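For reference, the structure discussed in these notes is given below.
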Amino acid sequence: MKVPQSTPKPIRKAVFPVAGLGTRFLPATKAIPKEMLPVIDRPLIQYAVDEAREAGIDQLIFVTGRGKTAIVEHFDTAYELEHTMSGRGKNLEVLDPTRIQPGNLVTVRQQVPMGLGHAIWCARAVVGDEPFAIFLPDEMMVGTPGCMKQMVDAYNEVGGNLISVLEVPESEVSSYGVIAPGAKVSEQLTEVRGLVEKPKREDAPSNLIISGRYILQPEVMRTLEGQSAGAGGEIQLTDAMAKMIGTQPFHAVKFAGRRFDCGSKTGFVEATLSLALERDDLADEVRAVMTRLLAQ
Ligand code: G1P
């Protein structure tokens, strides 16, 4: 294992690829970005941003496309709303998570959907020459501490590149990026020997999949430059990362917590119910509703 000689450069920037069309949730996502679909009372993107901030990351880079302005509006000051609410004596605290320090939200455009690798590459000028995090907001990671905080803690130990992974049934590996695990560093941390995007079940090197959180070194941007299309005809981030293995430390962090695949309808419903059952203001009523429905 390559251990950094000194404390690695801090992770200050996070890239959120949010240009996707969200076709799986049509017609809900015809006029609303899928990242704005709420799990109870927060849009999906808010959960990812909260997770970033908990990990000490406050510079947010959204890779957006047409029809995605609601995401940026969400993190802007809604002057009329605040004015009206204050006038009525209402508490504005509920809006606190939507507040961003001036200058800390940057958007770049991905004009044509060409894959996750391409989306990340679109942020290269804003990322510059620093390590950065990536969040796929569809993947909702719930834990204490959150997934990215767990990753940043591991990064401070080993530096280099890290991805969060989790086990899925073998029948599901072909929907994801899959790792070939190397030496185990600790219960939670493993070296990564190889990476393959959406392998056939029989070709998958393990059942450990990349679960939508990354800490990467800026060299990945140069690797993505001019990269040809991979699985699904798209420019894959996984392919670029695979090329970096061996040139820089590369580790996988097994997230201690729960993951909800909010890119699927069932995952979305599961996230909603699960979070509702944990909230003091909702748990009793929601449990009663569920019991009643299950008895039908
Ligand atoms: C992307 C990544 C894949 C990862 C997955 C997690 O795939 O390319 O490696 O496992 O997210 O959700 P997508 O879901 O965009 O096809």
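Not measured: the values here are computed from a predicted model.
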Practice item. Could you walk me through whether K254 and E167 pass the salt bridge (charged side-chain N to carboxylate O under 4.0 Å, His left out) test, one step at a time? Key: CA-CA 9 Å; K254 261 197 200 172; E167 281 179 49; 3.4 Å; yes
For the residue pair [X] and [Y], what are the closest heavy atoms and their distance?
| X | Y | value |
| --- | --- | --- |
| I57 | A133 | CD1-CB, 3.7 Å |
| T190 | G182 | CG2-O, 3.5 Å |
| S211 | M141 | OG-CE, 3.3 Å |
| I210 | Y176 | O-CD2, 4.4 Å |
| P97 | R42 | CG-NH2, 3.7 Å |

For [Y], does its backbone N or O pair with a side-chain atom of [X] as donor and acceptor, under 3.5 Å?
| X | Y | answer |
| --- | --- | --- |
| N161 | P249 | yes |
| K68 | E35 | no |
| T238 | G177 | no |
| E270 | F260 | no |
| R201 | E172 | no |
| Y47 | V39 | yes |
| T247 | M244 | yes |
| D261 | G267 | no |
| Q150 | P145 | yes |
| Y155 | P10 | no |

Point to revise | Electrostatic pair D239:K243 at N-O distance under 4.0 angstrom | key: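 Between K243 and D239 there is no salt bridge, as every charged N stays at least 4.0 Å from the carboxylate O atoms.
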Check your understanding: Ion pair present between R258 and E278, side-chain N to carboxylate O less than 4.0 angstrom?
Key ->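 Salt bridge between R258 and E278, a charged N being under 4.0 Å from a carboxylate O: yes.
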Might you confirm whether atom [atom1] of [X] has over 12 heavy atoms from other residues, nucleotides or ligands at distances under 6.0 Å?
| X | atom1 | value |
| --- | --- | --- |
| E80 | CD | no |
| E82 | CD | yes |
| R99 | CZ | yes |
| L282 | CG | yes |
| E225 | CD | yes |

Review point. With under 30° as parallel and over 60° as perpendicular, where do the rings of F16 and F135 fit, or are they tilted in between?
Key: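 Rings of F16 and F135: parallel, under 30°.
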Point to revise | Whether H118 and W121 hold their rings parallel, tilted or perpendicular, with breakpoints at 30° and 60° | key: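 Rings of H118 and W121: tilted, as their planes differ by 30° to 60°.
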Review point. Among T29, D138, T23, which one satisfies side chain to side chain donor-acceptor pair (under 3.5 Å) with K34?
Key: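 Of the listed options, the one satisfying the test is D138.
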Practice item. Verify side chain to side chain contact (heavy atoms under 4.5 Å, CB included) between L216 and I120, making sure each step is shown before the conclusion. Key: CA-CA 11 Å; L216 296 178; I120 300 305; 5.6 Å; no
Practice item. Decide yes or no on side chain to side chain contact (heavy atoms under 4.5 Å, CB included) for L44 and F268, but give the supporting numbers first. Key: CA-CA 10 Å; L44 267 184; F268 210 97; 3.9 Å; yes
Point to revise | V152 vs M148, side chain to side chain contact (heavy atoms under 4.5 Å, CB included): CA-CA, chis, key distance, verdict | key: CA-CA 6 Å; V152 167; M148 187 52 71; 4.2 Å; yes
Review point. Do T64 and Q110 pass the side chain to side chain contact (heavy atoms under 4.5 Å, CB included) test, and can you show the C-alpha distance, the side-chain angles, and the key distance before you say yes or no?
Key: CA-CA 6 Å; T64 68; Q110 184 191 27; over 6 Å; no
Check your understanding: CG/L95 to CZ/F75 distance, rounded to the nearest 0.5 angstrom?
Key ->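 Answer rounded to 0.5 Å: 12.0 Å.
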Exercise for review: Can you spot which of V196, V165, V173, I179 makes a side chain to side chain contact (heavy atoms under 4.5 Å, CB included) with S206?
Suggested key: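 For S206, the side chain to side chain contact (heavy atoms under 4.5 Å, CB included) test succeeds with only one of V196, V165, V173, I179, which is I179.
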Point to revise | Partner of E51 by salt bridge (Lys or Arg N to Asp or Glu O under 4.0 Å), out of K149, R213, R259 | key: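 It is R213; the other options fail the test.
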